[in-house]
Amino acid sequence: MTNIKTSILYENDITDLSNKFHSLRNIDISHLMFKDWIYTKPHKLGYEKVKKANVIFLGQTGYGKSSLINSILNRDVFKTSDYQSCTKVLQAADFHLNHNHKNEKLACVLSFVDLPGIGESDKADEKYLNWYREYVQEAAVIVYLFRADKRDHTQDEFFFNHVFDKSLGERLICVVSQADKIEPLSRGDSLSEAQKQSLKLKKTELKRKSFLNIKNITMIPVSTLLNYNIYSLEDHILDKLRSLS
């Protein structure tokens, strides 16, 4: 991989995540979910190399990637904003899966990676394009965000036609984010039945897009505001990780 640096905003043991992720603890480092990385600065525990299983989050600026990762982590690690992009560099939260390789100075981590938003500007996209391509190739799971209340998919089409490798479709999870904003709007603390029906139509619409011609595509609507389908998304992520063999 080229010289792409990632800022680690948070680091802890896998037991810091919800219980369902604990099953990954002490998984064999030969598992195909892991890729080889190095630490560019001395690690506080003496690690020099790292086996990483990257769960990457991609999508247009303002679609809620940072908020979604925070919901999965159950803590505010990534800065969020309703109005502008907060992610200007590659940022990650790392969770150690085991400490059995300290003598080898080798860490083994599950990493949640927040990539800068697609479509921020032509100049920014040109800078980030290689990051997207290489991170997609190295990722164990790719979470791509659409937005429930948006119908313009020009940037999404460009990503899937020119950046995404369709052979990696089994690693992809498509998320219809901010499900609470789909019409008809509801002021309640849960989605209305009418909204749920609209989300079904939205999923059907997206799956029919030619740029999403991917076999057995996984697509799930979520709302961080209403905590809707967050647990289900976690299950999908774990299923994708375990399916790599």
Side-chain angles (χ1 to χ4, degrees), residues 1-18 20-59 65-80 86-102 104-117 128 130-145 168 171-173 175 230 233-244:
M1 197 160 188
T2 57
N3 187 24
I4 298 177
K5 295 182 180 180
T6 304
S7 176
I8 301 174
L9 302 184
Y10 184 83
E11 191 174 15
N12 211 329
D13 192 78
I14 190 66
T15 55
D16 195 45
L17 288 175
S18 64
K20 64 180 67 179
F21 286 100
H22 298 184
S23 62
L24 299 176
R25 190 175 180 83
N26 294 318
I27 197 166
D28 195 303
I29 61 172
S30 64
H31 197 286
L32 290 180
M33 72 171 72
F34 297 115
K35 299 293 183 181
D36 293 321
W37 291 67
I38 61 170
Y39 288 111
T40 56
K41 296 180 180 179
H43 190 276
K44 60 185 178 182
L45 295 178
Y47 295 125
E48 295 177 356
K49 298 179 181 181
V50 56
K51 293 278 189 179
K52 273 199 173 193
N54 283 331
V55 180
I56 68 170
F57 291 74
L58 287 153
K65 299 185 305 298
S66 300
S67 296
L68 182 55
I69 307 175
N70 286 341
S71 292
I72 294 172
L73 305 185
N74 197 30
R75 57 183 38 82
D76 293 331
V77 172
F78 299 90
K79 186 178 179 182
T80 64
C86 293
T87 309
K88 304 294 185 182
V89 297
L90 298 171
Q91 299 175 335
D94 283 2
F95 296 87
H96 288 260
L97 300 179
N98 64 50
H99 294 294
N100 294 338
H101 299 273
K102 284 185 178 180
E104 304 170 28
K105 298 186 177 181
L106 176 65
C108 181
V109 303
L110 174 65
S111 184
F112 294 86
V113 185
D114 187 4
L115 275 76
Y128 302 146
N130 285 333
W131 291 1
Y132 301 145
R133 287 196 181 103
E134 295 200 36
Y135 255 90
V136 165
Q137 290 292 331
E138 295 288 318
V141 181
I142 303 142
V143 181
Y144 189 91
L145 274 68
L168 301 177
R171 303 183 187 184
L172 175 67
I173 300 172
V175 164
I230 302 299
L233 175 59
E234 292 174 354
D235 289 337
H236 281 295
I237 290 172
L238 281 166
D239 287 344
K240 295 288 186 184
L241 287 171
R242 295 187 183 112
S243 69
L244 292 172

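- When side chains are defined from C-beta on, Phe21 does not count as touching Leu97, because their heavy atoms never get closer than 4.5 Å.
- Residues Val175 and Leu233 form a side-chain contact, since some pair of their non-hydrogen atoms from C-beta on lies under 4.5 Å apart.
- Within the model, atoms OG of Ser111 and NZ of Lys35 stand 14.5 Å from one another, a figure rounded to the nearest 0.5 Å.
- Tyr10 OH to Phe95 CZ: the interatomic distance, rounded to the nearest 0.5 Å, is 6.0 Å.
- The side chain to side chain contact (heavy atoms under 4.5 Å, CB included) with Val136 is formed by just one residue from the set Asn54, Leu172, Ile142; it is Ile142.
- The main-chain N or O of Gln91 is never found under 3.5 Å from a side-chain atom of Asp114 such that the two would form a donor-acceptor pair.
- Between His96 and His43, the ring planes lie perpendicular to each other; the angle is over 60°, past the 30° to 60° tilted range.
- Not a single ring pair (Phe, Tyr, Trp, His ring centres under 6.0 Å) links His22 to another residue, sequence neighbours left out.
- When all heavy atoms of Leu238 and Leu24 are compared, the closest pair comes out as CD2-CD1, 3.8 Å.
- Every side-chain hydrogen bond (donor to acceptor under 3.5 Å, both in side chains) that Thr15 has, sequence neighbours left out, goes to Asp13.
- Considering only residues two or more places apart in sequence or on other chains, Tyr144 meets the ring pair (Phe, Tyr, Trp, His ring centres under 6.0 Å) condition with Phe146, Phe159, Phe160.
- For the atom pair CG of Leu17 and CZ of Arg25, the computed distance is 11.5 Å after rounding to the nearest 0.5 Å.
- By the neighbour-count criterion of 12 heavy atoms within 6.0 Å, atom CG of Asn12 is densely surrounded, having more than that number from other residues, nucleotides or ligands.
- Under the rule for a salt bridge (charged side-chain N to carboxylate O under 4.0 Å, His left out), the partners of Asp16 that lie at least two apart in sequence or sit in another chain are Arg75.
- Annotation: side-chain hydrogen bond (donor to acceptor under 3.5 Å, both in side chains) contacts of Ser30 (sequence neighbours excluded): Asp28.
- Remark: Lys20 pairs with Glu234, Asp235 by the salt bridge (charged side-chain N to carboxylate O under 4.0 Å, His left out) rule, at least two apart or across chains.
- Residues Ala53 and Phe34 approach most closely at N-CD2, 3.7 Å, considering heavy atoms.
- Judged as a salt bridge (charged side-chain N to carboxylate O under 4.0 Å, His left out), and not counting sequence neighbours, Lys240 has no contacts.
- In this structure, the ring of Tyr135 has its center less than 6.0 angstrom from the ring center of Trp37.
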Given the rule in the side chain to side chain contact (heavy atoms under 4.5 Å, CB included) test, do Tyr132 and Leu115 qualify, once you have shown the distances and angles that lead to the verdict?
CA-CA 8 Å; Tyr132 301 145; Leu115 275 76; 3.6 Å; yes
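- For the atom pair CD1 (Ile173) and CD1 (Ile237), the distance works out to 5.0 Å, reported to the nearest 0.5 Å.
- Counting heavy atoms from C-beta on, the side chains of Val143 and Phe112 never come closer than 4.5 Å.
- For the residue pair Met33 and Ala140, the shortest heavy atom distance occurs at O-CB, 3.7 Å.
- Pairs of residues two or more places apart, or lying in two chains, that qualify as salt bridge (charged side-chain N to carboxylate O under 4.0 Å, His left out) and include a residue from residues 45-59 are Asp36-Lys51, Glu48-Lys105, Lys52-Asp94.
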